[in-house]
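Chain letters run A, B, ... following the sequence lines, proteins first, then strands; residues in each count from 1.
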Amino acid sequence: MKSTVSNSASVPMSAPVRVRMAPSPTGSPHVGLVRTALFNWAFARHHGGQFVFRIEDTDKERSTDESLASIIDLMRWLGLDWDEGPEVGGPHAPYFQSQRGDIYADALARLQSSGRVYRCYCTTEETEGRALAKKEEYAAAKAAFAAAGGQGTKPEAPVMGYDGFCRDLTDEQIAAFEAEGRASVPRLRMPDGSITWNDLVRGEVTFETKHVPDFALARANGDPLYTLVNPVDDALMEITHVLRGEDLLSSTPRQIALYEALKEVGIAKATPEFGHLPYVMGEGNKKLSKRDPEAHALAYRDQGFVPEGLLNYLALLGWSIAADRDIFSLEEMVEAFDIKDVNANPAKFDLKKCEAINATHVHQLSVEEITDRALPYLKRDGVISDPVSDADAQLLELAMPFVAERVSKLTEVGDLLHFLFVPEADFVLDEADKAKMVDSDEGQAVLQAAYDALRSLEVWSAAQISDALTQALVEEMGLKPRVAFGAVRVAATGRRVSPPLFESLELLGRERSLGRLQGALS
RNA sequence: GCCCCCGUCGUCUAGCGGCCUAGGACGUCGCCCUCUCACGGCGGUAACGCCGGUUCAAAUCCGGUCGGGGGUACCA
């Protein structure tokens, strides 16, 4: 008896869109999680639906509070708000699977009595042993077939995994196993035929169910497994569209089969639509793993990326807003986002491009905004004391216009302005730059001339400084500007890379500027 | 082994039968601007994996092949 299950148009078109993000709080959140969250969020917002945030902490061993806190922290930083979930609650609370044990126990009981689920008494060893035997049998049959010169019927390759041994046990067999004191796990009886769904990003996908073994829904000790818990919660929370990673693609037929059973026992109203997002890849052709430094989402915040930039870049991994455009805001993404436009092929994470996209978002901010956002980093990195003194705040405000367009990340503000805030006693020159620009005879001569020219300046302004230095170094000494100003730059700011020199000297002030020039003279 | 997914410049992508001598962005290279570094401007570089088929016409449709990835758990 063949039956074919298809979930096309299972969710009524009139139903409001409800999507979810369901991370497991294990380890530090991954950029792939952010991309998945972003697409779900954008999808919900585009359709005026709800975005549900649920914590899949069924694995008690690996779940940690620290991980949970960092995921929430991350989502808040990114500005991806959720309508139901941790901290905000909602009609389907609790949103932590660790608190939903009764719900799963009830679901299991109902499934069990429906006949769609049976108890399996096999031990892992027995299952594996049979699979191995089948494999060997196949190898032997194949060899015999080859030896016979391809005569006879070609042996069919066995399907690995659980073989359905306990599918049709008699009451006597069950009683015997029970009497033996064997433990058992509940398994879903996969229907015959095939399972087809119209994947939102890949189109029609079909699996023959003979390749999908009956799967366990809970451990022998009763702990529910992901295979049960995830669809049960999606059903109860009335999720209409499941947008998730490609790694879950092959478990979809099992979930659709489970949905059929859940509908039968009154837990699910409809089967959701599924869409499988491509992987975010790292170096080589491997999925970006936790070992890759680029994988850690919160590290981008620590490094001074702005959420607008990270999100824009991540959106580009699998989606594009237009043929000739790749810079856009979250609002623009929400407006334009269509799951049908999402690419099915995996994308490699390119840090250079991520930084470039981030830079243009930083440059789109006002100088005041960049200042506000950079301040926490300046404090964190010890560039500016915390709390900030009025004098420092004022100096920062004056200096920011010179660095705002030069930074691609917020942390770079500190790199560029450190020289302005560092106490004179702690001010040191970069070794290499000093050796190259300051220590030479020419460098020393330049610094002496610069010192003499600036000492008598009447008005300490960028314009006056520029005139005086150009006159003394370029015109009178006949030096090339890059040589002349380079030496002064290193002496005053400590590095060959700095904000514009004359403005920097003005901000530094006469006393400190002269002091530094003098300090660089040996 | 078996099942499923994927295949356009180095990278992310546009392309959904003629608009493609394949467009944009990042990268890279050269030039300009220039007190350094950036920014900005101009220009160059570089791709439809392969083979068949359908068609007047294919990057676009079909088949095969090769390559990559994932799954094949009492993990998620």
Side-chain angles (χ1 to χ4, degrees), chain A residues 22-24 26 56 58-59 61-62 120 122-124 127-128 131 135 138-139 142 156-162 183-187 199 201-202 205-208 210-213 215-221 223 225-227 229-230 245-253 276 278-279 281 284-287 313 316-320 322-327 343-357 359-360 363 403-408 412 415-416 433 437 466 469-470 473-474 480-486 488-490 493 495-504:
Chain A
S24 297
T26 56
E56 299 210 333
T58 44
D59 189 333
E61 308 293 299
R62 296 195 298 147
C120 167
C122 301
T123 63
T124 311
T127 306
E128 281 172 0
K135 202 171 163 183
Y138 170 68
K142 215 169 98 176
E156 197 176 333
V159 175
M160 292 291 110
Y162 182 68
S184 67
V185 296
R187 283 187 191 276
D199 196 278
V201 344
R202 283 151 215 274
V205 179
T206 299
F207 280 78
E208 298 295 326
K210 67 180 174 189
H211 297 298
V212 186
F215 60 99
L217 296 168
R219 292 200 168 94
N221 67 9
D223 285 350
L225 292 166
Y226 163 84
T227 49
V229 145
N230 180 278
E246 179 183 348
D247 47 334
L248 275 334
L249 185 75
S250 56
S251 73
T252 305
H276 291 90
Y279 282 114
M281 314 288 278
N285 254 335
K286 293 193 298 278
K287 189 180 157 191
Y313 175 68
L316 257 17
L317 264 28
W319 183 74
S320 76
D324 56 356
R325 180 174 171 215
D326 60 11
I327 299 296
N343 247 145
N345 50 309
K348 199 169 289 184
F349 191 94
D350 182 352
L351 188 58
K352 284 252 181 65
K353 181 153 184 176
C354 185
E355 285 175 340
I357 298 283
T360 94
H363 301 327
V403 300
E405 70 174 13
R406 317 183 116 74
V407 300
S408 60
E412 291 166 4
D415 299 338
L416 251 20
D433 290 350
M437 306 300 293
S466 172
L469 289 180
T470 303
L473 308 178
V474 179
K480 285 191 176 149
R482 62 182 305 121
V483 175
F485 302 133
V488 177
R489 183 187 308 281
V490 172
T493 72
R495 300 168 54 197
R496 287 160 74 196
V497 175
S498 81
L501 180 61
F502 313 127
E503 284 78 2
S504 294

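Residue contacts shown for A:Pro500 include a base, since a base heavy atom lies under 4.0 Å away. A:Ser498 comes within 4.0 angstrom of a base, heavy atoms only. Heavy atoms of A:Leu469 sit nowhere under 4.0 angstrom from any nucleic acid atom. Among the protein residues, A:Val407 comes within range of no part of the nucleic acid, since none of its heavy atoms lies under 4.0 Å from any strand. Residue A:Val159 is out of contact with every strand shown, counting any heavy-atom pair closer than 4.0 Å. Base engagement by A:Ala220 is indicated by at least one non-hydrogen atom pair under 4.0 Å involving a base atom. Nucleic acid contact class of A:Thr227 (heavy atoms, under 4.0 Å, all strands): none. Heavy atoms of A:Tyr226 sit under 4.0 angstrom from at least one base atom. Nucleic acid contact class of A:Asn343 (heavy atoms, under 4.0 Å, all strands): sugar-phosphate only. Using a 4.0 Å heavy-atom distance criterion, A:Arg495 is classed as making no nucleic acid contact. Nucleic acid contact class of A:Leu225 (heavy atoms, under 4.0 Å, all strands): sugar-phosphate only. Residue A:Thr58 is in sugar-phosphate contact alone, with no base atom involved, counting any heavy-atom pair closer than 4.0 Å across all strands shown. Among the heavy atoms of the strands lying under 4.0 Å from A:Phe502 is at least one base atom, whether or not backbone atoms are also near. Using a 4.0 Å heavy-atom cutoff across all strands shown, A:Phe215 reaches no nucleic acid atom at all.
Spacing of P atoms, B:G43 relative to B:C6, comes out at 38 Å, to the nearest Å. Comparing B:A38 with B:U34, their C1' atoms are spaced 11 Å from each other, to the whole Å. Comparing the same atom, P, in B:G17 and in B:C26 gives a spacing of 30 Å after rounding to whole Å. For the C1' atoms, the distance linking B:C50 with B:C42 amounts to 39 Å, nearest Å. Rounded to whole Å, the P atom of B:U11 lies 15 Å from the corresponding atom of B:U28. Nucleotides B:G41 and B:C48 are separated by 30 Å at their P atoms, to the nearest Å. One C1' atom belongs to B:G70, the other to B:C62, and the distance between them is 26 Å to the nearest Å. Atom P of B:G7 sits at a distance of 14 Å from the matching atom of B:G63, rounded to the whole Å.
Across every strand in view, B:C33 sits unpaired, with no contact that passes the Watson-Crick or G-U test at under 3.5 angstrom. Pairing for B:U28 goes to B:G44, judged as Watson-Crick or G-U wobble with the two contacts each under 3.5 Å. Pair assignment for B:G7 gives B:C66, based on Watson-Crick or G-U wobble hydrogen-bonding distances that are each under 3.5 Å. Remark: B:A22 base-pairs with no nucleotide in the shown strands. Criterion, Watson-Crick or G-U wobble with two distances under 3.5 Å. Figure legend. B:C2 is base-paired to B:G71; pairs are counted as Watson-Crick or G-U wobble with both atom distances under 3.5 Å.
Toward the 5′ end of RNA chain B lies the nearest nucleotide of A:His363, the other residue of the pair A:Thr127 and A:His363 mapping further downstream. If A:Pro158 and A:Ile357 are placed on RNA chain B by their nearest nucleotide, the residue sitting closer to the 5' end is A:Pro158.
Chain A approaches RNA chain B over the interval B:G1 to B:A76, counting the first and last nucleotide 5' to 3' with an atom under 4.0 Å from its heavy atoms.
Salt bridge annotation for A:Asp415-A:Arg406: absent, with no cationic side-chain nitrogen under 4.0 angstrom from a carboxylate oxygen. Salt-bridge annotation for A:Arg495 and A:Asp433: absent, with no side-chain N of the basic residue lying under 4.0 Å from a carboxylate O of the acidic one.
Put simply, the side chain of A:Asp59 does not reach to within 4.5 Å of the side chain of A:Thr26, judged on heavy atoms. Within the 4.5 Å cutoff, no side-chain heavy atoms of A:His276 are placed close to those of A:Val201.
No side-chain donor from either of A:Glu128 and A:Thr124 sits under 3.5 Å from a side-chain acceptor of the other.
Between A:Leu416 and A:Pro499, the shortest heavy-atom distance links the atoms O-CD, 3.6 Å. Taking each heavy atom of A:Asp247 and A:Tyr279 in turn, the nearest pair found is CB-OH, 3.0 Å. Considering all non-hydrogen atoms of both residues, A:Pro278 and A:Asn345 come closest at CB-O, 3.4 Å.
The cationic atom of A:Arg187 (NZ for Lys, CZ for Arg) does not lie both less than 6.0 Å from the six-membered ring centre of A:Phe215 and within 45° of the ring axis.
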